[in-house]
Amino acid sequence: MSAPRWSLWNPGNRQLFAYLLLLPAVLLTTAIIVYPILSAIDLSFQKIKIAKLGRARAPMTLANYEELFSSPEFYQAIWVTISLVATVTALSYVIGLATAILVNQRFRGRKLARILVAVPWAAPSVMAAIIWWWLFDSSFGLINWALVRTGLSSEMIPWLSTPGAAFFVIVVVMVWKGYPFISVIMLAGLQSIPLELYDAAKVDGANAWQRFRFISLPGLRSVRGIALILVMLWVFRDFPIIYILTGGGPQRTTQTLAIMTYQEAFKFHDFGFAAAIGVVTLVISVIASWIMVRRSDEPLM
């Protein structure tokens with residue numbers, strides 16, 4: 001007996017059945033992602049200090065964006081964000097790829113090494129930031145103590161209160177936190193490359209560098225793009241590491257767009273202006289992601 005024409009089990013209604021299965025996920029995504037984004041965009045066109053439930057909606061205005069694009073602090077935050085994203089992403093990629101190649105080799109303790117590589121990524125960001133804050137403390141930090149004891153420095157270095165040094169510390173901590181993610185993804189990509197390709201290359205006389213350049217790198221092309229995009233977006237929006245270590249200082253040299261958004265919203269209580277910063281940040285991240293997606297299929301060499 002054939003199924004009724006209106007039944008979801010009818011072959012002609014399979015596409016409708018598939019859409020119905022996806023409906024809960026679409027509704028959930030709309031509730032937790034799309035609606036907050038639309039609310040933030042709407043809030044960015046209102047000049048309000050504190051948002052309250054049930055209050056009358058403020059009139060539409062471009063004052064927040066006019067103030068934003070005329071603010072030197074905003075352009076400095078963009079420069080700091082771009083510099084941090086470029087530096088951390090590049091270093092994380094190089095270190096992560098090298099680590100993935102290392103732990104992909106056969107040696108005793110390889111399983112333990114792979115676990116240790118993933119530990120920084122698994123550590124909570126707040127806990128990691130506090131540990132590094134103690135390490136770089138200017139009075140009794142372990143790094144300053146080691147530099148003085150070894151004679152590499154004659155005095156304690158105020159790492160977190162000096163502009164250049166503070167940016168360096170942020171980069172170090174974020175690379176330490178981010179490179180394991182790239183390493184894990186690259187390791188998965190390396191293990192998906194058939195070993196026969198390497199064996200054939202060895203027979204043809206290819207050295208280690210040639211095997212890496214012409215087999216490993218092309219084989220990692222797809223996962224490379226995903227890894228770079230995810231790490232870039234993580235650095236772009238990261239808040240706890242920077243806030244705990246420097247709070248955006250000194251002299252705003254580590255104030256990213258995420259830190260600036262938080263300060264405008266919860267320190268100065270200018271929620272409309274903070275929403276405008278968030279919208280611009282979203283646009284920049286979408287454009288950067290689109291560029292990375294377009295370039296992810298291009299060979300590195």
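FYI, the numbering just counts along the sequence from 1.
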Check your understanding: What's the spacing between L142 CG and L147 CG if we round to 0.5 Å?
Key -> 9.5 Å

Check your understanding: Hey, what do you get for CD1 (I241) to OG1 (T254), rounding to the nearest 0.5 Å?
Key -> 12.5 Å

Check your understanding: Do Q263 side-chain atoms and G247 backbone N/O form a donor-acceptor pair below 3.5 Å?
Key -> yes

Check your understanding: Just wondering, more than 12 heavy atoms not from Y35 lying within 6.0 Å of its OH?
Key -> no

Practice item. Please list, chain by chain and in numerical order, all residues satisfying ring pair (Phe, Tyr, Trp, His ring centres under 6.0 Å) with W145, sequence neighbours excluded. Key: none

Check your understanding: Closest heavy-atom contact between M260 and F273?
Key -> CE-CE2, 4.3 Å

**Study point:** Shared hydrophobic cluster, I182 / L84 (ILVMFWY, side-chain heavy atoms < 4.5 Å)
**Key:** yes

Check your understanding: Under 3.5 Å, side chain of N144 to main-chain N/O of D137, donor-acceptor pair present?
Key -> yes

**Study point:** Hydrophobic cluster membership, W134 vs V172, 4.5 Å side-chain cutoff
**Key:** yes

Point to revise | Contact summary for A118 and V184, nearest pair of heavy atoms | key: CB-CG2, 4.5 Å

Exercise for review: State, yes or no, whether a side-chain contact exists between L233 and S285 at a heavy-atom distance under 4.5 Å.
Suggested key: yes

Check your understanding: What class does the angle between the rings of F136 and W159 fall in, given that below 30° is parallel, 30 to 60° is tilted and above 60° is perpendicular?
Key -> perpendicular

Practice item. Kindly say whether I157 contributes a backbone atom to a donor-acceptor pair with the side chain of S138 at under 3.5 angstrom? Key: no

Check your understanding: Can you say whether the rings of Y262 and F266 are parallel (under 30°), tilted (30 to 60°) or perpendicular (over 60°)?
Key -> tilted

Exercise for review: Enter the distance from L116:CG to T99:OG1 here, rounded to the nearest 0.5 Å.
Suggested key: 12.0 Å

Review point. Under 4.5 Å between side-chain heavy atoms, hopping through other hydrophobics if needed: is there a path connecting M174 to I82?
Key: yes

Review point. Would you say the side-chain atoms of S92 pair up with the backbone N or O of T89, donor to acceptor, closer than 3.5 Å?
Key: no

Practice item. Test I226 against every option in L230, L228, V223 by the side chain to side chain contact (heavy atoms under 4.5 Å, CB included) rule and name the one that passes. Key: L230

Review point. Going by heavy atoms in the side chains, are S125 and F239 under 4.5 Å from each other?
Key: no

Practice item. Give a yes or no answer on whether the side chain of Q210 reaches the backbone of N207 with a donor-acceptor pair at less than 3.5 Å. Key: yes

Revision key, fill the gap. In this structure, CD1 of I244 is separated from CG of L160 (nearest 0.5 Å) by 12.0 Å

Point to revise | Under 3.5 Å: donor-acceptor pair, side chain of T81, backbone of L257 | key: yes

Review point. What do you reckon, is OH of Y243 surrounded by more than 12 foreign heavy atoms closer than 6.0 Å?
Key: no

Point to revise | Q255 side chain reached by I242 side chain, heavy atoms, under 4.5 Å | key: no

Exercise for review: Measure from the side-chain N and O atoms of R211 to the backbone N and O of A206, and report whether any donor-acceptor pair falls under 3.5 Å.
Suggested key: yes

Practice item. Walk me through it: do Y93 and V231 pass the test side chain to side chain contact (heavy atoms under 4.5 Å, CB included)? Key: CA-CA 9 Å; Y93 175 76; V231 171; over 6 Å; no

Point to revise | Where R114 and L187 come nearest, the two heavy atoms and their spacing | key: NE-CD2, 3.8 Å

Review point. When you measure from the side chain of S70 to the backbone N and O of E67, does any donor-acceptor pair fall under 3.5 Å?
Key: yes

Review point. Shared ILVMFWY cluster between L20 and L27, side chains joined below 4.5 angstrom?
Key: no

Practice item. Mind listing the closest non-hydrogen atom pair of F181 and A227 along with its distance? Key: CE2-O, 4.4 Å

Review point. In terms of hydrophobic clustering (I, L, V, M, F, W, Y; side-chain heavy atoms under 4.5 Å; direct or indirect links), are I130 and L135 co-clustered?
Key: yes

Exercise for review: Output, in order, the C-alpha distance, side-chain angles, deciding distance and verdict of side chain to side chain contact (heavy atoms under 4.5 Å, CB included) for F167 and T253.
Suggested key: CA-CA 7 Å; F167 186 84; T253 53; 5.8 Å; no

Review point. What closest approach, in Å, do W132 and I143 show between heavy atoms, and which atom pair accounts for it?
Key: CZ3-CD1, 4.5 Å

Exercise for review: Enter the distance from I277:CD1 to T261:OG1 here, rounded to the nearest 0.5 Å.
Suggested key: 4.5 Å

Point to revise | Under 3.5 Å: donor-acceptor pair, side chain of Y75, backbone of F69 | key: yes

Review point. Can F45 and T61 be said to form a side chain to side chain contact (heavy atoms under 4.5 Å, CB included), step by step?
Key: CA-CA 5 Å; F45 289 102; T61 178; 5.8 Å; no

Check your understanding: Are I259 and T256 close enough, and set up right, to give a side chain to side chain contact (heavy atoms under 4.5 Å, CB included), and what steps lead you there?
Key -> CA-CA 5 Å; I259 297 294; T256 60; 3.6 Å; yes

**Study point:** Nearest-0.5 Å distance that lies between atom CG in L197 and atom CD1 in I215
**Key:** 5.5 Å

Check your understanding: Which pair of heavy atoms, one from P120 and one from K177, lies closest together, and at what distance?
Key -> O-CD, 3.2 Å

Check your understanding: Is the backbone of I41 close enough, under 3.5 Å, to the side chain of S44 for a donor and an acceptor to pair up by distance?
Key -> yes

Exercise for review: Decide if the gap between the ring center of W121 and the ring center of Y179 is smaller than 6.0 angstrom.
Suggested key: no

